[in-house]
Amino acid sequence: MPISGFPEWLPPQRIIEQQVLDKIRSTFELYGYSSLETRAVEPLDTLLSKGETSKEVYLLRRLQEDDPSAKQDDQLGLHFDLTVPFARFVTENNGKLQFPFKRYQIQKVWRGERPQEGRYREFLQADIDVVNRDTLPFHFDTEMPLVIGDVFKSLPIPDATILVNNRKVCEGFYRGLGLEDTAQVLRTVDKLDKIGPEKVAAALVETAGATDAQAAACLALAEISSTDGSFADRVRALGVSDPLLDEGLGELLQVVETAAEHAPGLVRAELKIARGLDYYTGTVYETMLQGYERFGSITSGGRYDNLASVGNTRFPGVGISIGVSRLLGLLFGHDALAVSRSVPTCVVIALAAEDKRAESERIASALRRRGIATEVAPTAAKFGKQIQYADRRGIPFVWFPGEPDTVKDIRSGEQVEADAATWQPPAVDLHPNVSAR
RNA sequence: GUGGUCGUAGCUCAGCUGGUAGAGCACCGGGUUGUGGUCCCGGGGGUCGCGGGUUCAAGUCCCGUCGAUCACCCCA
């Protein structure tokens, strides 16, 4: 029986997932990120320390616990993202790490929310972060979208757009406007797509103490969107001035312009996005997959200047995380990915009779020694059945022992003489191929 | 966590106002004493998600529960 929110894939889907993970991993490493794995659990107060009290955290409990109601101090919870555990890890090991520290982490995370399509309670995230001691140069903020863009380019998936904003722009703008509760304004404006400008304006007046004019200005800011640097002029044209606003605009401009040079069309400044996690202090990212916009962001992250510290030393960071399970779940659900075979096997060695198994196994060994995934037919059934065994699984070759041996490409029907010591399948057939459907 | 919709063979679905289950595809076997994908013939497979209730009788009505999905919340 399935458990709600805990998806499990079938073998062909798992082949796709592993190849996707291989691409993600190799791309991360191309940019110099080191792999890290942290434990699944963190002390509850670590998980909740950054004000994420609304998070649905799964708790860990022993069956034989003496008194479940007592000892809440050292309560453990499953992590709900990879950034908070990473920040904890950095502070814990700061003496052994070299900064700036670039790491990637591909692990399961857990959130006790109501599942829907593309929303799970247990899911895989692929996360990169850069952390430095004291201050982190801003150019790392511009690197994040480039890494993600390269990952997506290497995968057979629809085009994606990375939406970028900067909290300093919003906070500076709101403050320059005379609104003090910038967090509340941000939360309200974030609902723009859902409830529309009229309701957002009304809510701003009601909950954030805005005047009609202030509310209108907030909406005007939220409407701004561009794939080049023109957004900055449009913001300035709104006539609000504030040092933080200027700083934010400069940063956002760098992200957009860097992306425009290295990956045209990938990034768009979108001044209405906010991102839920409230530890972000500057740049924020989210990603829309073309054709899947209604399922929300498949990648998100941002800059956090205050997440980690030891004594009075700060460890600011910036990171972004790919929602691997969401991405795959959506694509699987829409039958958008195909794989050339459902098993790793490249060659099936036919078996003429059960007492010839040793001979077939010798051929299989010879092929395996040279890296060709090979299995011997499970029974000495009629050759037609053995070919069918391969065909059902999408295995491209069937090998017939004989004098001489022959190998048949069952897609074309072509059968040629072959020597197990030298025969090589076409490179594309060595492993299952994942493609868009 | 709150509310709505849905849940019949592996898959897609049929089953009228309640009378104890069917099709196509898939699968297995045979025609084809041994190199498949066509065709023909035959076959297996369903506690109608699960539990309870109403009724002489429930796939069909009611309640609960689990699962899928949608909205809210939140977010990958």
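- Taking a cutoff of 4.0 Å between a charged side-chain nitrogen and a carboxylate oxygen, A:Glu42 and A:Arg39 qualify as a salt bridge.
- Rounding to whole angstrom units, CD of residue A:Gln415 and C1' of B:rG36 are separated by 12 Å.
- Rounded to whole angstrom, the span from the CD atom of A:Glu414 across to the C1' atom of B:rG36 amounts to 17 Å.
- Under the Watson-Crick or G-U wobble criterion, with both distances below 3.5 Å, B:rA71 is paired with B:rU2.
- Spacing between atom CD of A:Gln388 and atom P of B:rG29 amounts to 8 Å, rounded to whole angstrom units.
- Counting any heavy atom pair closer than 4.0 Å across all strands shown, A:Gly296 reaches no nucleic acid atom.
- Using a 4.0 Å heavy-atom distance criterion, A:Arg392 is classed as a sugar-phosphate-only contact.
- Annotation: B:rU54 and B:rC61 have their C1' atoms spaced 8 Å apart (nearest Å).
- Across all strands shown, nothing is found opposite B:rU54 as a Watson-Crick or G-U wobble partner with both distances under 3.5 Å.
- Taking every side-chain heavy atom of A:Arg114 into account, B:rG1 is the closest of B:rC74, B:rG1, B:rC75.
- Using a 4.5 Å cut-off on side-chain heavy atoms (C-beta onward), A:Tyr174 and A:Leu186 make contact.
- Under 4.0 Å is where a charged nitrogen must lie from a carboxylate oxygen, and between A:Arg362 and A:Glu359 no such pair does.
- Using a 4.0 Å heavy-atom cutoff across all strands shown, A:Ile410 reaches at least one base atom of the nucleic acid.
- For B:rA23, the paired nucleotide is B:rU12, the pair qualifying as Watson-Crick or G-U wobble because both relevant distances are below 3.5 Å.
- For the pairing with A:Tyr279, the side chain to side chain donor-acceptor pair (under 3.5 Å) check across A:Asn306, A:Asp305, A:Asp81 returns one residue only, A:Asp81.
- For A:Arg294, whose side chain is taken as the heavy atoms from C-beta onward, the closest listed nucleotide among B:rC70, B:rG1, B:rC73 is B:rC70.
- Computed from coordinates, the A:Asp190 CG to B:rC72 P distance equals 13 Å when rounded to whole Å.
- Judged by closest nucleotide on RNA chain B, A:Phe400 is the one of A:Leu327 and A:Phe400 placed further toward the 5' end.
- A:Phe295 comes within 4.0 angstrom of the backbone, heavy atoms only, and of no base.
- Neither OP1 nor OP2 of B:rG36 sits under 4.0 Å from any side-chain N or O of A:Arg411.
- The partner of B:rG36 cannot be assigned: no Watson-Crick or G-U wobble pair with both contacts below 3.5 Å exists in any strand.
- Within the nucleic acid shown, A:Glu286 has no heavy atom closer than 4.0 Å to any nucleic acid atom.
- Here B:rC72 presents its C1' atom at 10 Å from NZ of A:Lys191, a figure rounded to the nearest Å.
- With both ends at atom P, the span from B:rA9 to B:rG22 equals 14 Å, rounded to whole Å.
- Atom-to-atom, OH of A:Tyr120 to C1' of B:rU69 comes out at 12 Å; the value is rounded to the nearest Å.
- Side-chain atoms of A:Ala352 lie closest to B:rG34 of the nucleotides B:rC70, B:rC72, B:rG34.
- In this structure, A:Gln116 reaches the bases: a heavy-atom distance under 4.0 Å links it to at least one base atom across the strands shown.
- For A:Lys385, taking side-chain heavy atoms from C-beta onward, the closest of the listed nucleotides B:rC73, B:rG36, B:rG29 is B:rG29.
- One atom, CD1 of A:Ile195, and another, P of B:rC73, lie 9 Å apart when rounded to the nearest Å.
- Contacts of A:Thr299 with the nucleic acid, taken as non-hydrogen atoms under 4.0 Å apart, involve only primed sugar atoms and P, OP1 or OP2.
- Look at A:Arg393 and A:Glu375 and you find no salt bridge, because none of the NZ, NE, NH1 or NH2 atoms lies under 4.0 Å from a carboxylate O.
- Residue A:Gly5 is classed as a sugar-phosphate contact, given heavy-atom separations below 4.0 Å to backbone atoms only.
- A:Ser325 comes within 4.0 angstrom of nothing in the nucleic acid, heavy atoms only.
- A:Asp190 has no carboxylate O lying under 4.0 Å from a charged side-chain N of A:Arg187, or vice versa, which leaves the two without a salt bridge.
- The partner of B:rG42, taking Watson-Crick or G-U wobble pairs whose two distances both stay under 3.5 Å, is B:rC28.
- A:Gln105 and A:Thr38 form a side-chain donor-acceptor contact under 3.5 Å, judged by distance and modelled atom types alone.
- Within the 4.0 angstrom heavy-atom criterion, no nucleotide atom of any strand lies near A:Tyr389.
- Taking the centre of each ring, A:Phe383 and A:Phe400 come in below the 6.0 Å mark.
- Using a 4.0 Å heavy-atom distance criterion, A:Gly118 is classed as a base contact.
- Closest contact between the side chain of A:Phe383 and the listed nucleotides B:rC70, B:rC74, B:rU35 involves B:rU35.
- Between A:Ser4 and A:Gly323, the one whose closest nucleotide on RNA chain B sits nearer the 5' end is A:Ser4.
- Taking the C1' atom of each, B:rC63 and B:rG45 are spaced 32 Å apart, rounded to whole Å.
- At a threshold of 4.0 angstrom between heavy atoms, the contacts of A:Arg121 with the nucleic acid are absent.
- At whole-Å resolution of the value, OH in A:Tyr292 and P in B:rC75 are 25 Å apart.
- Within the 4.0 angstrom heavy-atom criterion, no nucleotide atom of any strand lies near A:Ala350.
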